[in-house]
2 protein chains.
Amino acid sequence: MISTLSTHKQVQIIKALAHPARLEIVQALVTREHSVSELQTIVGGDLSTVSKHLTQMRKAGWIDCKKHGQHVHYRLVCKCLPEFLECVENIGTNRSTCDC
Amino acid sequence: MISTLSTHKQVQIIKALAHPARLEIVQALVTREHSVSELQTIVGGDLSTVSKHLTQMRKAGWIDCKKHGQHVHYRLVCKCLPEFLECVENIGTNRSTCDC
DNA sequence: GCCAAGTTTGGCATTTTTGTCAAGTATTGG
DNA sequence: CCAATACTTGACAAAAATGCCAAACTTGGC
């Protein structure tokens, strides 16, 4: 299982989720798409900060967006996020011999 | 699928792999365990730097270690790493409609 | 066209992460 | 016990990430 991606690209993708606000955002997007201001109410902070988080995750490839009037709707691109997070869950709950 | 872990803990786990050297290290550990100096020959840089990367990943829960004479052998704790990386692979190869 | 709402971008100070050197701790072989 | 090998820890400078403000941009309604 050798990656076709450069290490740098893999790191970019992983790093895109390695932040509390960004993690909360993708978790919110599992359910359904959201506009930037909706996501702001979830994660708090400045709207411009939220926008930058979204840009970073979009460039990494986790999400994409579509204009919908004045709003921009962001949504998850890949359905594998839950499996990704399940692995994180296994690590965090100390299942050393997990058979995930 | 609501996490039992705090966001902070999840981020700590993800962040532990969000670095080129650390990613190369865990990928090397998929095959078999390695000592710190073996890992140094793979990722380069100072031995103390490698040691610190290992400490960070151990605290996150990805790896553990055992003393073996003068050497310290590090190994992966969880077998789910390949699935984790496969998700990264899917994102990076732009399979927007991936069914992973 | 003009204004307001929603979003993005630029600039910059603050914080966090990183990497190296030096010093410290263990363990083994002689 | 001594010295060498393997690793860890502390301190600190350099680099990267973060967050906020202000300004710019875009779209829809009047």
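Chain identifiers are assigned alphabetically (A, B, ...) following the order of the sequence lines, protein sequences preceding nucleic acid strands; residue numbering begins at 1 within each chain.
One atom, CD1 of B:Ile63, and another, P of D:dC7, lie 13 Å apart when rounded to the nearest Å. Computed from coordinates, the A:Leu39 CG to C:dT8 P distance equals 10 Å when rounded to whole Å. In this structure, B:Lys67 places its NZ atom 9 Å from P of D:dC7, rounding to the nearest Å. Put simply, NE2 on A:His8 is 12 Å from C1' on D:dA16, counting in whole angstrom units. We find that CG of A:Leu54 is positioned 13 Å from P of D:dG19, with the value rounded to whole Å. One atom, NE2 of B:His68, and another, C1' of D:dC7, lie 16 Å apart when rounded to the nearest Å. Remark: C1' of C:dG6 and NZ of A:Lys66 are 18 Å apart, rounded to the nearest angstrom. As a whole-Å value, the separation of B:His73 NE2 from D:dT8 P is 12 Å.
Taking the side chain as every heavy atom from C-beta outward, A:Glu33 and A:His68 never approach each other to under 4.5 Å. Counting heavy atoms from C-beta on, the side chains of A:Leu81 and A:Leu17 come closer than 4.5 Å.
Distance from the side chain of A:Gln70 is smallest for D:dG28 among the nucleotides D:dG28, D:dT8, C:dT8. Counting only heavy atoms from C-beta on, B:Leu47 has its side chain closest to D:dC7 among D:dC7, C:dT27, C:dT8.
Within the structure, every side-chain polar atom (N or O) of A:Tyr74 is placed at least 4.0 Å from both OP1 and OP2 of C:dG6.
With 3.5 Å as the limit, one finds no donor-acceptor pair spanning the side chains of A:Gln10 and B:Glu24. Side-chain atoms of A:Gln56 and A:Lys59 form no donor-acceptor pair, as typed in the model, at a separation below 3.5 Å.
Between A:Arg75 and A:Asp64, at least one side-chain nitrogen of the basic residue sits less than 4.0 Å from a carboxylate oxygen of the acidic one, meeting the salt-bridge criterion.
Side-chain atoms of A:Arg22 come within 3.5 Å of backbone N or O of A:Lys15 as a donor-acceptor pair. Panel note: side chain B:Thr55, backbone B:Ser51; a donor-acceptor pair is recorded below 3.5 Å. Within the 3.5 Å criterion, the main-chain N or O of A:Thr4 finds a donor-acceptor partner in the side chain of B:Glu89.
Not less than 6.0 angstrom separates the ring centroid of A:His73 from the ring centroid of A:His34.
Between A:Phe84 and A:Trp62, the ring-plane angle classifies as perpendicular under the 30° and 60° cut-offs.
Contacts of residues 23-35 of chain B with DNA chain D (heavy atom under 4.0 Å): B:Ser35.
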Are B:Tyr74 and B:Met57 close enough, and set up right, to give a side-chain contact (heavy atoms from CB on, under 4.5 Å), and what steps lead you there? CA-CA 10 Å; B:Tyr74 279 88; B:Met57 291 191 284; over 6 Å; no
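Between the axis at the start and the axis at the end of the helix from C:dG1-D:dC30 to C:dG30-D:dC1 there is an angle of 20°, using five pairs per end and rounding to 10 degrees.
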Taking protein heavy atoms under 4.0 Å as touching, what does nucleotides 15-22 of chain C look like 5' to 3' if B marks base contact, S marks sugar-phosphate-only contact and - marks none? --SSSBBB
